[in-house]
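Just below is one structure, and these are the notes that go with it.
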There are 2 protein chains.
Amino acid sequence: MTDTPLKRGLPPLHPGALLREDILPSLGISVSSFAAHLRVSRQMLHRILSEEAPVTPAMALRLGKLCGNGPELWLNLQARYDLDRYGRELAKELNEIPTLNAA
Amino acid sequence: MTDTPLKRGLPPLHPGALLREDILPSLGISVSSFAAHLRVSRQMLHRILSEEAPVTPAMALRLGKLCGNGPELWLNLQARYDLDRYGRELAKELNEIPTLNAA
DNA sequence: GCGGCTGTAAATCGATAGTTTACAGTCATG
DNA sequence: CATGACTGTAAACTATCGATTTACAGCCGC
């Protein structure tokens with residue numbers, strides 16, 4: 001009872017981790033040229049790779065196009081990451097929100 | 001060939017529309033008291049209902065708790081809405097982004 | 001008519017996504 | 001060795017945006 005009623009056990013992965021660990025190495029491409037393809041500054045991509053910046057919808061569209069797997073994957077990863085993050089952050093306040101029964 | 005290769009035909013619904021059309025009426029609750037339960041200003045809720053403001057992860061957690069159906073629904077609705085919106089907005093720039101083949 | 005409710009608009013505040021500029025490290029080549 | 005191209009990181013700055021607060025106009029009950 002010390003955890004949420006939702007899926008648990010899976011520590012949420014930041015999309016930057018997937019890029020850093022899997023995609024970029026398997027493509028054998030440098031951060032700079034990847035950023036150039038994305039039409040984004042290489043500094044921005046660096047911040048995503050170091051999990052400091054989130055994958056916004058616009059960024060998800062860029063990644064989805066460049067990687068060829070569509071934007072949903074990236075956005076879903078970010079969503080699960082955000083829900084975990086804000087779930088902790090707002091825990092106290094969420095406790096004060098009741099659940100309305102659909103009478 | 002004038003449209004995207006992704007799911008189409010479904011005009012994406014803003015989460016505010018669902019709240020406005022379905023949830024609030026079926027609960028028979030006023031905007032003000034709903035906002036009070038959410039621990040959010042009623043002005044903020046109004047802007048979501050009029051589809052001016054997005055459902056952020058934090059807001060999705062509040063809605064999910066209060067409605068009892070979890071935050072994912074709200075966040076997914078918003079994600080599809082955002083992908084459609086930014087997909088149009090960035091259409092030109094996305095065209096210039098190639099797709100790397102996973103050699 | 002007056003107190004309390006609703007919807008909306010404006011000013012404001014703080015956070016944040018993104019670019020630009022700048023700097024230090026590395027490595028190949030002359 | 002020097003120089004020049006490339007890489008990673010950090011700072012300043014801009015603009016946008018999520019959210020609150022304040023304010024105001026319209027309604028309804030009494």
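It should be emphasised that the depicted structure is a prediction, and the values quoted were computed from it without experimental measurement. Convention: sequence-line order gives letters A, B, ...; per-chain numbering from 1.
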Which parts of residues 38-48 of chain A get close to DNA chain C, meaning a heavy atom less than 4.0 angstrom away? A:Val40, A:Ser41, A:Gln43, A:Met44, A:Arg47

Please identify the 5'-most and 3'-most nucleotides of DNA chain C with any atom under 4.0 angstrom from a heavy atom of chain A. C:dA17 to C:dA22

Ignoring hydrogens and geometry, is there a side-chain-to-backbone donor-acceptor pair from A:Gln78 to A:Val55 under 3.5 Å? yes

Using whole Å, report how far CE of B:Met59 lies from P of D:dG18. 10 Å

Answer with base, sugar-phosphate or nothing: what part of the nucleic acid does B:Ser30 contact at a heavy-atom distance below 4.0 Å? sugar-phosphate

Okay, side chain of A:Thr99, backbone of B:Lys65: is any donor-acceptor separation there less than 3.5 Å? yes

Are A:Met59 and A:Thr56 packed together at the side-chain level, in the sense that at least one heavy-atom pair is separated by less than 4.5 angstrom? yes

Measuring from B:Leu66:CG to A:Ile97:CD1, what's the distance to the nearest 0.5 Å? 6.5 Å

Does anything in residues 92-101 of chain B form a salt bridge (Lys or Arg N to Asp or Glu O under 4.0 Å)? List the pairs, not counting sequence neighbours. A:Arg39-B:Glu96, A:Arg62-B:Glu93

Figure out the CD/P separation between B:Glu51 and D:dG18, and round it to whole Å. 15 Å

May I have the distance from A:Leu90 (atom CG) to D:dA19 (atom C1'), rounded to whole angstrom? 13 Å

Heavy-atom closest pair, residues A:Trp74 and A:Pro15: CZ3-O, 3.8 Å

With rounding to the nearest 0.5 angstrom, report the CG to OG distance, A:Leu27 to A:Ser33. 9.5 Å

Protein N or O to nucleotides 13-16 of chain D N or O, pairs below 3.5 Å:
none

Strictly below 4.0 Å, N to O, side chains only: are B:Arg88 and B:Asp84 in salt-bridge contact? yes

Minimum heavy-atom distance between B:Val31 and B:Leu45, given as atom pair plus value: O-CD2, 3.4 Å

Restricting to salt bridge (charged side-chain N to carboxylate O under 4.0 Å, His left out), what partner residues turn up for B:Glu52, sequence neighbours left out? none

Whole-Å gap separating C1' (D:dA19) and CD (A:Glu93): 12 Å

With side-chain hydrogen bond (donor to acceptor under 3.5 Å, both in side chains) as the rule and sequence neighbours excluded, what pairs involving residues 14-24 of chain B come up? B:Arg20-B:Glu51

